[in-house]
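The next block holds one structure in the form of structure tokens; read it before the comments.
A quick note: this is a predicted structure, and the numbers were derived from the prediction, not measured.
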Amino acid sequence: MSHEKCLKLVRIPCTSVAPSLVRVPVAHCFSPRGLHKRKFCAVCRKVLEAPALHCEVCELHLHPDCVPFACSDCRQCHQDGHQDHDTHHHHWREGNLPSGARCEVCRKTCGSSDVLAGVRCEWCGVQAHSVCSAVLAPECGFGRLRSLVLPPACVRLLPGGFSKTQSFRIAEAVEPGEGGDGADGSAAVGPGRETPATPESGKQTLKIFDGDDAVRRSQFRLITVSRLASAEEVLEAALRVHHIPEDPGHLELCPLPPSLKACDTWAGGKAGSAVISEEGRSPGSGEATPEAWVIRALPRAQEVLKIYPGWLKVGVAYVSVRVTPKSTARSVVLEVLPLLGRQAEGPESFQLVEVAMGCRQVQRTALMDEQPLLDRLQDIRQMSVRQVSQTRFYVAESRDVAPHVSLFVGGLPPGLSPEEYSSLLHEAVATKATVVSVSHVYSSQGAVVLDVTCFSEAERLYVLLKDMAVRGRPLTALVLPDLLHAKLPPDSCPLLVFVNPKSGGLKGRDLLCSFRKLLNPHQVFDLTNGGPLPGLHLFSQVPCFRVLVCGGDGTVGWVLGALEETRYRLACPEPSVAILPLGTGNDLGRVLRWGAGYSGEDPLSVLLSVDEADAVLMDRWTILLDAHDAASAENGTADAEPPKIVQMSNYCGIGIDAELSLDFHQAREEEPGKFTSRLHNKGVYVRVGLQKISHSRSLHKQIRLQVERQEVELPSIEGLIFINIPSWGSGADLWGSDSDARFEKPRMDDGLLEVVGVTGVVHMGQVQGGLRSGIRIAQGSYFRVTLLKATPVQVDGEPWVQAPGHMIISAAGPKVRGVRLENQERWARLGRLWEWPVVPGWCWHGLLWPWSSLTPGRVPASEEGCASGQAGDRWHREQPGRSLPFRELRWRQLPGAQGLGVARVLFFHRPCHPGPLPPAPGQVHMLRKAKQKPKRAATTRDARADAPAPEGDPR
């Protein structure tokens, strides 16, 4: 509705016309139903009061029964081989703007909380009146987030039959009552929001079906008309409720037989059947009039058809041709080419493509040359009259696109070779060797990337692998796009986002959806679906990128560990990492100024803070946990098992601190649904602490501590804590601020750990309250802890009970592996399948620990193992019965280590030649939030539009 004086200002098309104005059809990804306050439906334009749907990629909101009438106008986030282009245009979405939004052109208010008003670009965030938006330049510069966004022109993903939810790694939601997917993939439509009329009201309620497909899927709409309504009035009401823009003179209403109502496909409605009386009375005026009717199309002798060009650089949007019973796909191509300026090219190089623009799926079908188009249009109308308005015909070049799909498969057994992974997958899902190959292997993580050159085979593998388990472990299957890193702008530093939706209650799930809308969905990853490895593999060739981790301290450690394991595969070996704290303690987030926890800030402001953050270095520590010797059954000699390796960023606790964490962890495992609030989690910590208040373990009698190979006498303590950052236990300063001449001032990048003791739960509570600090014990870079009894241990909040043995904490490099040293030949050979990277200008050096005593000692520089080579070289294990390339490293045993059959070698990477040095081994780049707050515009959405305007823009 509109005032007559305002009618000239209305530029938003109605739902019936909107599909014809879509530039490039792209399907939507709908989330499960939820409540959306102060939002309006894009189809019926009414407020969303009941649970409704919204797109995970754009700002489209719909009632459930309006979904079939939405057009496929979602954001184009990648190139798919159809109408690919390098220039990106604004993607306008009407309404649902903040009430204080201001127009970019006239600077007047353009938002409203009462009706759909104004438009916003879903890439750069520019807001304007619908009339003013026509004045802006069509090119989009991505606004303030241009350096963080992964441009769609740099991402390529061939469709290959995969849905949008599968392409974007989004969990598919099945709505109640949803049937099979039809041509438009829409959900079943219920009885609508109309109230059936009572017999006394003089009106009647009719069920209206749109073609055979609606009858088969029991999709109908209700209309209420007068019992004295004319035939034309009933038909117009039926067309209006189904948003059908065709001429009523070409359509008719046919009764649905009661035996076929809402169950079987019905091919009724023959030509010339009189279904509405000519006396001007409605079919419902008699007692025997059926209540269900089907909209049918009358046969046509000819029709005007719009043909769209399959390429973008053309002066017209479409051309119109007349289609007769003799018209075929080939004859239409011959007629259209001269109209599009391609008459000089042979018609055999082009084909006619039919595109069904469903809101959930866009399907493309190449028509045969002899396909009669008039019959094809009649078949489409027989299934759904409205589907004709959502079907386009493109003239496209007949080029063969080589099928290519990258499938990430995780959850496989670790430590296998590429040949063993190929054999394992062949046994599990019968892969075809002619079209499936293993392109990348992540042996330590048990993951591979498959290159599939057949779309049908890729779909089959995806369906089988995502619901399969191998050796008791469930597999993960993800579709990954190809990232065209050469097309990235010179100043681009895209942001790789990892979100743990289980952290922070429901906030993680909301953030995942928000970041998909603000950025490119291909750069946002759900950590519960494959972990961080798929994202790191996708960005492996990007020369410069940053990482944002949304989760608790445990999630941050998980991502940093995966980053260290894949560092040598990355073109950007030292990406900076930012944190959005969603956990309970969030100590690392506090130190880096990201706050004590996420409390609902605008996700856009979070991204702007990441863009303005400063890069700092932080130490990463490796903890080697002693592994027991296993007696060899063959020769009776002792064989060394690889030690358990744990990476540490924040702190490591032994004793009472770890015991409280363990009790909390066990309580959360028993009832995970209750641990959705940060306040509740802290309350559980207090409760388990009170239970241990009188507990005494005398930890100082159960452990031994060496610092820099010097024995340290421990005071009477119940807990021993190694801290790397000045925050512990939700922000407490355990080391304290008092100066001490014995120790250096702690920093998180000084290569030193501080050792602090606590006397019990009461002492820990006093530290939390700021009344006391811990007992300062030592400071150093190498620690050896001997556990005389099984003792609780926690690292960055992850607790367990450690058996008696040794713990070695050192600032070692990201790769720590156990190797075997032969006594007679004194060769260090790789005993397991570890791939050791070789980078030009870098080498591997070794640090040996004799197995029995674990007494450390560095090999002298002249005797230190060193190997270098060309990029791409790898060292492989020596495998019996198979000839594989491998390298051997010669090592000398340490003085005093003669007679030992086994030693452990700790490898670390460092440059052989002088030059710009990267972070020292054991350090990682972190992003620290800037102290000054970024300037805010009138609304946070306006802030995205502060980028310089393109040339020719009236701004």
TODO: Return the set of residues passing side chain to side chain contact (heavy atoms under 4.5 Å, CB included) with Arg93 (not counting sequence neighbours), or none when no residue passes.
DONE: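 For Arg93, the residues satisfying side chain to side chain contact (heavy atoms under 4.5 Å, CB included) (neighbours in sequence not counted) are His28, Cys58, Glu59, Leu60, Asp73, His91, Glu122.
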Does the ring centre of [Y] sit less than 6.0 Å away from the ring centre of [X]?
X: His88; Y: Trp123; result: yes
X: Phe168; Y: His522; result: yes
X: Tyr308; Y: Phe393; result: no

Within the structure provided, determine whether [X] and [Y] are in side-chain contact (heavy-atom separation under 4.5 Å).
X: Pro309; Y: Val395; answer: no
X: Pro603; Y: Phe515; answer: yes
X: Gln523; Y: Leu495; answer: yes
X: His78; Y: Pro481; answer: no
X: Pro521; Y: Arg75; answer: yes
X: Thr528; Y: Lys502; answer: yes
X: Leu617; Y: Val924; answer: no
X: Leu407; Y: Val452; answer: yes

So, the side chain of [X] versus the backbone of [Y]: is there a donor-acceptor pair under 3.5 Å, distance only?
X: Ser31; Y: His54; result: yes
X: Arg546; Y: Val497; result: no
X: Lys432; Y: Glu457; result: no
X: Arg146; Y: Gly143; result: yes
X: Asn520; Y: Leu150; result: yes
X: Arg460; Y: Val429; result: yes
X: Gln647; Y: Gly561; result: no
X: Tyr462; Y: Leu465; result: no
X: Trp594; Y: Leu927; result: yes
X: Arg928; Y: Leu592; result: no

Open item on the list: side-chain contact (heavy atoms from CB on, under 4.5 Å) for Gln541 and Leu483? Distances and angles first, verdict last.
Closed with: CA-CA 8 Å; Gln541 300 303 316; Leu483 209 158; over 6 Å; no
Measure the [atom1]-[atom2] distance between [X] and [Y] for me, rounded to the nearest 0.5 Å.
X: Leu480; Y: Phe525; atom1: CG; atom2: CZ; result: 6.0 Å
X: Thr476; Y: Phe408; atom1: OG1; atom2: CZ; result: 7.5 Å
X: Leu496; Y: Leu548; atom1: CG; atom2: CG; result: 9.0 Å
X: Tyr421; Y: His440; atom1: OH; atom2: NE2; result: 15.0 Å
X: Leu536; Y: Gln445; atom1: CG; atom2: CD; result: 9.0 Å
X: Leu425; Y: Thr431; atom1: CG; atom2: OG1; result: 6.0 Å

- [ ] Would you sort out whether Trp92 and Val126 count as a side-chain contact (heavy atoms from CB on, under 4.5 Å), showing the intermediate values?
- [x] CA-CA 9 Å; Trp92 299 111; Val126 169; 4.2 Å; yes
What heavy-atom pair brings [X] and [Y] nearest, and what distance separates the two atoms?
X: Cys103; Y: Cys110; answer: N-SG, 3.6 Å
X: Ala562; Y: Pro532; answer: CB-CG, 3.5 Å
X: Pro575; Y: Leu563; answer: CG-CD1, 3.7 Å
X: Leu478; Y: Pro534; answer: CD1-CG, 3.6 Å
X: Leu484; Y: Ala153; answer: CD1-O, 3.9 Å
X: Thr555; Y: Cys550; answer: CG2-O, 4.3 Å

Open item on the list: Assess the residue pair Cys124 and His90 against the criterion (side-chain contact (heavy atoms from CB on, under 4.5 Å)); give the C-alpha distance rounded to whole Å, side-chain angles, the decisive distance to 0.1 Å, and a yes or no.
Closed with: CA-CA 8 Å; Cys124 67; His90 290 295; 3.4 Å; yes
TODO: Give me the ring orientation class for Tyr442 and His537: parallel if the planes are under 30° apart, tilted from 30 to 60°, perpendicular past 60°.
DONE: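 Judged by the thresholds at 30° and 60°, the geometry between Tyr442 and His537 is perpendicular.
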- [ ] Decide, yes or no, whether a salt bridge links Glu397 with Arg342 under the criterion of side-chain N to carboxylate O below 4.0 Å.
- [x] yes
Task: Salt bridge Glu612-Arg144, side-chain N to carboxylate O under 4.0 Å - done: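 Salt bridge present between Glu612 and Arg144.
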Task: Verdict with reasoning, Glu56 to Lys517, per salt bridge (Lys or Arg N to Asp or Glu O under 4.0 Å) - done: CA-CA 7 Å; Glu56 295 269 4; Lys517 294 179 180 180; over 6 Å; no
Task: CA sep, side-chain torsions, deciding dist, call: Ser649, Arg620, side chain to side chain donor-acceptor pair (under 3.5 Å) - done: CA-CA 5 Å; Ser649 299; Arg620 284 276 288 172; 2.3 Å; yes
- [ ] Scan side-chain atoms only and decide if Ser437 and Asp451 contain a donor-acceptor pair under the 3.5 Å cut-off.
- [x]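 The criterion, which ignores hydrogens and geometry beyond distance, is not satisfied for Asp451 and Ser437.
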Task: Residues Lys164, Val26; criterion side-chain contact (heavy atoms from CB on, under 4.5 Å); working and verdict - done: CA-CA 9 Å; Lys164 287 289 292 298; Val26 180; 3.3 Å; yes
